[in-house]
Enquirer: 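Here you go, one structure.
Throughout, a chain's letter reflects where its sequence line sits, starting with A, and its residues are numbered from 1.
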Amino acid sequence: MDFEFTVNGVFQAISLERKEDRVSIRHGDKTLEAEVRVISPNTISLLVEGRSYLVIIARDKHKKHIWLDGSAYLIQSGKEEQRRAERGDDRAQKGKSVVTAPMPGKVVKVCVAEKEAVRKNQTLAIVEAMKMENEIKSPLEGFVKKIHVSAGELVDSEKPLLELEPKV
Amino acid sequence: MFKKILVANRGEIACRIIRACREMGIASVAVYSEADRAALHVQLADEAAGIGPAPAVDSYLNMDRIIETAQKRGAEAIHPGYGFLAENPEFARRCEKAGIVFIGPNSRALELVGDKIRARQTMEKAGIPIIPGMKSVAAGIVEYEAEARKIGYPVMVKASAGGGGKGMRIVCSEEELRAGIEGGQREAKSAFGDESVYLEKYIEDPRHVEFQVLADNHGHIVHLFERECSIQRRHQKIVEETPSQALTPELRLRMGETARKVLQVSGYNNAGTVEFLLDRNKNFYFLEVNARLQVEHPVTELTTGVDLVQQQVRIAAGETLSLKQEDLAQRGHAIECRIYAEDPSRNFLPSSGRILYLREPGGPGVRHDGGIYTGWEVPIYYDPILAKLIVWAETRESACARMAAALDDYVILGISTTIPFLKDVISHPRFREGATTTAFIKNHFENWKVKEVAEVGLTLALAAAALDDLSPSQKTGPAPGSKKEVYSPWQTIGRWRIGEKT
């Protein structure tokens, strides 16, 4: 049975096949055999050639958060990631750049005005979270097309702060 | 001894204090903001009281509300933890007036050491070495410019009421000065409610070495040796250890005696920390007194065998220090790593959200001081510290190995944390050599990214994701990652049940 995932923006295909008490895992040109024991909804034990791996799995709306052998992986199913990429393309096609809040927080200051010309890396706004001020820098040279927030406003992660139009 | 203590804090430190109270047979009252109703400290305490909306100014900094709550609940003392009201002399004074014991220094000493500028003046008079810089706040930018020229660039902007790296800026030239001062003032205002800043000579590549001190109300002062806190990002400590690799027994003795003298000339009581900068030539300068329990206090506890929180409570209750300087000794080596809700690959950007899974490391010599649990939603309003991982071992080398293993075992899923970054710090050859200075992160970890992992790890993680899609705990129907949606996945592979043998 075949599965498609995206890990850190890289597409990954994997196929599993059950063979009696084991599962055969095919990933790229590599094949592994693992004995599987699902211990709880969050934990799976895998034995691979005598080596013991504990896998911890948690889920949110979009992703699986997987911990294995001291490393954490963010895994999305293939389709969702494609849709997300398509949405991103839409945005890019309109020829504007949306600057979003990198984390939830409070807008302390908007440093630019609409129609103002901005340099790359110029500070556009300051968002405070967890008592730290974070400067939001311009990703490009151009001018400010629209400002969506004002000082004092609480913003969520990914919330558009302002729109830029690149210099042509 | 007190019968009931109100803990005017949140997070891991509130939990730490509540545990000490419980061991001493003292009832604890937790206070919480609207964002913290489900917080761990509320769960652990004997009693809990809401004190207002989420922003700290309306809750954890609301002095009237906290004192009123203590009175209503019959708490005889308030432990302020660190941050919030811990070093606020007005709060200490109001407690004193209300007949409640403030577990910390008296308000006069707090006022003196809390005002970094006055403290510098006092220490200079007492013959304690200080960093060259301003001895008062300037009236405006012109005066700051003149002072900066006098001191010589690079200079450091520091919050007069400061601590914890808040309000601090390094300024290398006059063009940057205005922005540095304004940024520092804004941050200081929001963190401490006081926007005054001053300038100091910036000492390049120093070590940050501090001494833990305890003073009772009867004039007895002991120091409990040093902590080396040089590993910092954004002027905030992230790894601390003791003993310091930079101190010789002779230097340790001299700095310890200086630390005791600092408390003496300040008329200080209860627990405090005297911070020093140690330059390349092993000159040390008084930096400031942290008039509170420090975040990194556990490394001292593990090497001296003294419970600092219990000592604080005993001192506040008027007991005489039972510790004698000559009886105190350091044993073994302890390291602390601070686990922050931050994304180290994105310049330590705060990362709030829900903790989907938590597994704390354990084993001999491993201590975990946390304020989190699986399902806890980390709020955006407060300091991003989640927990502290502290290890003790006989030697520094084994402590490093123990810390590396503990970090490897530590699982927090759902939000970004400093764990992967800390692993690389602990395993860095320069760290292993003990070559730690405040520029360590900047010199060795600029633009840090998570290391690529062994490919078998990725394969197994993907296999686990696929198995998870098939597990009955997921919604039934076609698995979201599956291509062949027309077939039931169970037909091809069979379902896995919890505890089932394969």
Side-chain angles (χ1 to χ4, degrees), chain A residues 1-5 7 12 14 16-18 21-23 25 27-28 30 32 34-42 44 46 48 53 55-60 64-73 75 77-80 102-106 108-109 126 128-134 154 157, chain B residues 166 183 186-187 190-191 234 341-342 346 349-354 356-357 359 380-384 407-409 411 413-414 420 423 450 453-471 473 479-484 489 492-494 496-502:
Chain A
M1 164 155 216
D2 300 326
F3 296 83
E4 293 175 348
F5 296 106
V7 186
Q12 301 281 353
I14 190 163
L16 300 191
E17 195 184 327
R18 193 169 184 168
D21 65 336
R22 302 181 152 255
V23 61
I25 305 159
H27 176 220
K30 189 165 59 221
L32 292 175
E35 192 202 311
V36 181
R37 177 70 63 96
V38 179
I39 296 169
S40 79
N42 291 105
I44 299 177
L46 300 175
V48 182
Y53 294 91
V55 189
I56 296 177
I57 303 176
R59 308 152 197 98
D60 65 19
K64 292 180 197 293
H65 301 245
I66 293 190
W67 179 93
L68 179 135
D69 218 11
S71 295
Y73 305 81
I75 300 187
S77 69
K79 286 225 166 87
E80 264 173 66
M103 74 286 173
K106 190 171 105 182
V108 184
K109 191 175 174 187
I126 298 173
E128 185 196 83
M130 294 167 158
K131 295 178 16 195
M132 271 297 160
E133 287 193 351
N134 298 276
L154 288 175
S157 184
Chain B
K166 305 281 156 60
R186 229 178 5 250
E187 221 170 85
S190 120
R234 271 200 312 236
E342 290 178 349
R346 293 167 74 200
L349 207 61
S351 149
S352 54
R354 189 176 296 278
L356 301 173
Y357 196 91
R359 191 185 70 176
I380 63 163
Y381 299 96
Y382 317 110
D383 197 85
L407 286 167
D408 266 341
D409 266 353
V411 186
L413 292 178
K423 280 186 202 176
V450 184
V453 290
E455 216 179 318
V456 60
L458 177 61
T459 300
L460 293 176
L462 288 167
L467 289 165
D468 187 53
D469 279 348
L470 298 174
S471 111
S473 66
S482 154
K483 267 207 298 205
K484 298 177 185 165
T492 13
I493 190 156
W496 260 273
R497 284 196 188 81
I498 294 170
E500 184 196 24
K501 261 194 182 162
T502 54

Enquirer: Inspect the surroundings of NZ in A:Lys106 and state if more than 12 heavy atoms from other residues, nucleotides or ligands are less than 6.0 Å away.
Expert: no
Enquirer: Heavy atoms only: give me the nearest B:Ala461-A:Tyr73 pair and the separation to one decimal.
Expert: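 Scanning both residues completely, I find the closest heavy atoms to be CB-CD1, 3.7 Å.
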Enquirer: Could you have a look at A:Glu133, A:Met103, A:Gln12 and say which one has the most heavy-atom pairs with chain B under 4.5 angstrom?
Expert: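 Top option by heavy-atom pairs under 4.5 Å: A:Glu133.
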Enquirer: Walk me through it: do A:Asp60 and B:Leu356 pass the test side-chain contact (heavy atoms from CB on, under 4.5 Å)?
Expert: CA-CA 8 Å; A:Asp60 65 19; B:Leu356 301 173; 4.1 Å; yes
Enquirer: What's the shortest heavy-atom distance between A:Glu128 and B:Ser190, and which atoms?
Expert: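 So the minimum-distance heavy-atom pair works out to OE2-OG, 3.1 Å.
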Enquirer: Can you tell me which portion of B:Glu455 sits under 4.5 Å from chain A's heavy atoms? Options are side chain, backbone, both or neither.
Expert: both
Enquirer: Quick one: what part of B:Pro384 sits under 4.5 Å from any heavy atom of chain A, side chain, backbone, both or neither?
Expert: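 For B:Pro384, the contact with chain A is made by backbone and side chain together.
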Enquirer: Given a strict heavy-atom distance threshold of 4.5 Å, which part of A:Ile56 is in contact with chain B: side chain, backbone, both, or neither?
Expert: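 Interface part for A:Ile56: both.
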Enquirer: For B:Ser352, is it the side chain, the backbone, both, or neither that has a heavy atom closer than 4.5 Å to a heavy atom of chain A?
Expert: both
Enquirer: Top residue by heavy-atom pair count (under 4.5 Å) with chain B, among A:Ile126, A:Ile57, A:Leu154, A:Val55?
Expert: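 Ranked by heavy-atom pairs under 4.5 Å with chain B, first place is A:Ile57.
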Enquirer: Side chain, backbone, both or neither: which part of B:Leu407 has a non-hydrogen atom closer than 4.5 Å to chain A?
Expert: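 Neither; nothing under 4.5 Å.
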Enquirer: Hey, does A:Val38 have a side-chain heavy atom less than 4.5 Å from the side chain of B:Leu467?
Expert: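 They are not in contact (no side-chain heavy atoms under 4.5 Å apart), so the answer is no.
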Enquirer: Does a side-chain heavy-atom distance below 4.5 Å link A:Asn134 with B:Pro350?
Expert: yes
Enquirer: Does the A:Lys64 side chain pair with the main chain of B:Asp468, one donor and one acceptor, at a distance under 3.5 Å?
Expert: no
Enquirer: I'd like to check B:Leu470 versus A:Phe3 (side-chain heavy atoms, cut-off strictly below 4.5 Å). Are they in contact?
Expert: yes
Enquirer: To the nearest 0.5 Å, what is the distance between CG (B:Leu458) and NZ (A:Lys30)?
Expert: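 Separation between the atoms: 7.0 Å.
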Enquirer: By a 4.5 Å heavy-atom criterion (distance strictly below it), what part of B:Arg354 contacts chain A: side chain, backbone, both, or neither?
Expert: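 Neither part; nothing is under 4.5 Å.
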Enquirer: Report which part of B:Tyr381 has an atom under 4.5 Å of a heavy atom belonging to chain A: side chain, backbone, both, or neither.
Expert: both
Enquirer: What heavy-atom pair brings B:Leu349 and A:Pro102 nearest, and what distance separates the two atoms?
Expert: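 The answer is CD2-CB, 3.3 Å.
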Enquirer: For A:Ile44 versus B:Ala464, what's the shortest heavy-atom pair and its separation?
Expert: CD1-O, 4.1 Å
Enquirer: Which atoms of A:Asp69 come close to chain B, meaning under 4.5 Å heavy atom to heavy atom: side chain ones, backbone ones, both, or neither?
Expert: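 Neither part.
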Enquirer: Quick one: does A:Asn42's side chain get under 4.5 Å of B:Leu413's, heavy atoms only?
Expert: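 No, side chains not in contact.
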Enquirer: Evaluate the side-chain proximity of B:Arg186 to A:Lys109: yes if any heavy-atom separation is below 4.5 Å, no if none is.
Expert: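 Yes, their side chains come closer than 4.5 Å.
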Enquirer: Any side-chain heavy atom of A:Ile25 sitting closer than 4.5 Å to one from B:Leu462?
Expert: no
